[in-house]
Amino acid sequence: MLAQSILLLAAAAFPAVTAAPALQYREPTKTSTSPRTTHSVVAGRGGLRFDPENIVAEVGSIVEFHFTPLNHSVVEAAFDSPCVPKDATSFFSGFFPVPRPADGSAVQSGEVFQIEVRDDKPIWFYCAQNTGRHCQSGMVGVVNQRFDGDKTLAVFRSKAAAVQGASVVQAQVQGGWRGANPNPQSGF
Ligand SMILES: *[C@@H]1O[C@H](CO)[C@@H](O)[C@H](O)[C@H]1NC(C)=O
Ligand SMILES: [Cu+2]
């Protein structure tokens, strides 16, 4: 009865347009069966870097961090404060120690860290390893940088280089999913 009243009210509020042919209304799909896009990022490939380090990822997609030697991590920062978590909710992957093989072959951790891209705002991040000062050395990146302004990855990196203190981590792994590497070949 209530639902019928609401429908009648809705009909009164939006009288039918007579000029155009009636389009058939369809219920929006409530669940999607299509797999999400996953963007792989490799920490430590090519030195103290994330590769790629400037990621464009649609809302709803997953950014999956893979970890190569030596002992990297990823933490979310604010653009103006690299090497420090943005706030209490910032994601933190924990550290991923991966010994470097004697024969120099490419290896990565058996675990990954995934974050979900929840909106189209830039996501600035860094590696918090203080042995070697990774963040301050330029191990930083961004998801969905704006390409029409001056908040660029290059500026973020130069801000990181100016950080005098040590990098800061969260008290625990949070803000994403850390688990078994679903695709150990990804990114190689
Ligand atoms: C990895 O780095 C973290 C942070 O510096 C440190 O606490 C941890 O002991 C390191 N792990 C190994 C195996 O070196
Ligand atoms: Cu690192």
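Residues: numbered from 1 along the sequence shown. This one's a predicted model, so the numbers in the text were calculated from it and none came from an experiment. Remember, it's 1-based here, ligands and their atoms both numbered in the order they're listed.
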*Asks:* Could you work out, for atom 14 (O) of ligand 1, the closest of V169, N71, T131 by heavy-atom distance?
*Replies:* N71

*Asks:* Is V143 reachable from F67 through a run of hydrophobic residues whose side-chain heavy atoms are each under 4.5 Å from the next?
*Replies:* yes

*Asks:* Using the Cu ion (ligand 2) as the apex, give the angle to atoms SG (C127) and ND1 (H72), rounded to 10 degrees.
*Replies:* 130°

*Asks:* Please list the nearest protein heavy atom to atom 5 (O) of ligand 1 with its residue and the distance rounded to 0.1 Å.
*Replies:* Q129 OE1, 2.9 Å

*Asks:* Closest heavy-atom contact between M139 and R49?
*Replies:* CE-O, 3.6 Å

*Asks:* Does T68 use its side chain to pair, donor to acceptor, with the backbone of Q108 at less than 3.5 Å?
*Replies:* no

*Asks:* So that I can check it, does any N, O or S atom in H134 come closer than 2.8 Å to the Cu ion (ligand 2)?
*Replies:* yes

*Asks:* Any chain of hydrophobic side-chain contacts (each under 4.5 Å) joining L48 to F113?
*Replies:* yes

*Asks:* With a cut-off of 2.8 Å, does any N, O or S atom of M139 fall short of it relative to the Cu ion (ligand 2)?
*Replies:* yes

*Asks:* Does any N or O of ligand 1 fall below 3.5 Å from an N or O anywhere on N130, backbone included?
*Replies:* no

*Asks:* Does atom 9 (O) of ligand 1 have a protein heavy-atom neighbour under 4.0 Å away?
*Replies:* no

*Asks:* Who's the nearest protein heavy-atom neighbour of atom 13 (C) of ligand 1, and how far?
*Replies:* P97 CB, 3.5 Å

*Asks:* In plain terms, say whether R146 and D148 are close enough for a salt bridge, that is, a side-chain N and a carboxylate O under 4.0 Å apart.
*Replies:* no

*Asks:* Does NZ or CZ of R178 fall inside the cone over F65's six-membered ring, less than 6.0 Å from its centre and within 45° of the axis?
*Replies:* no

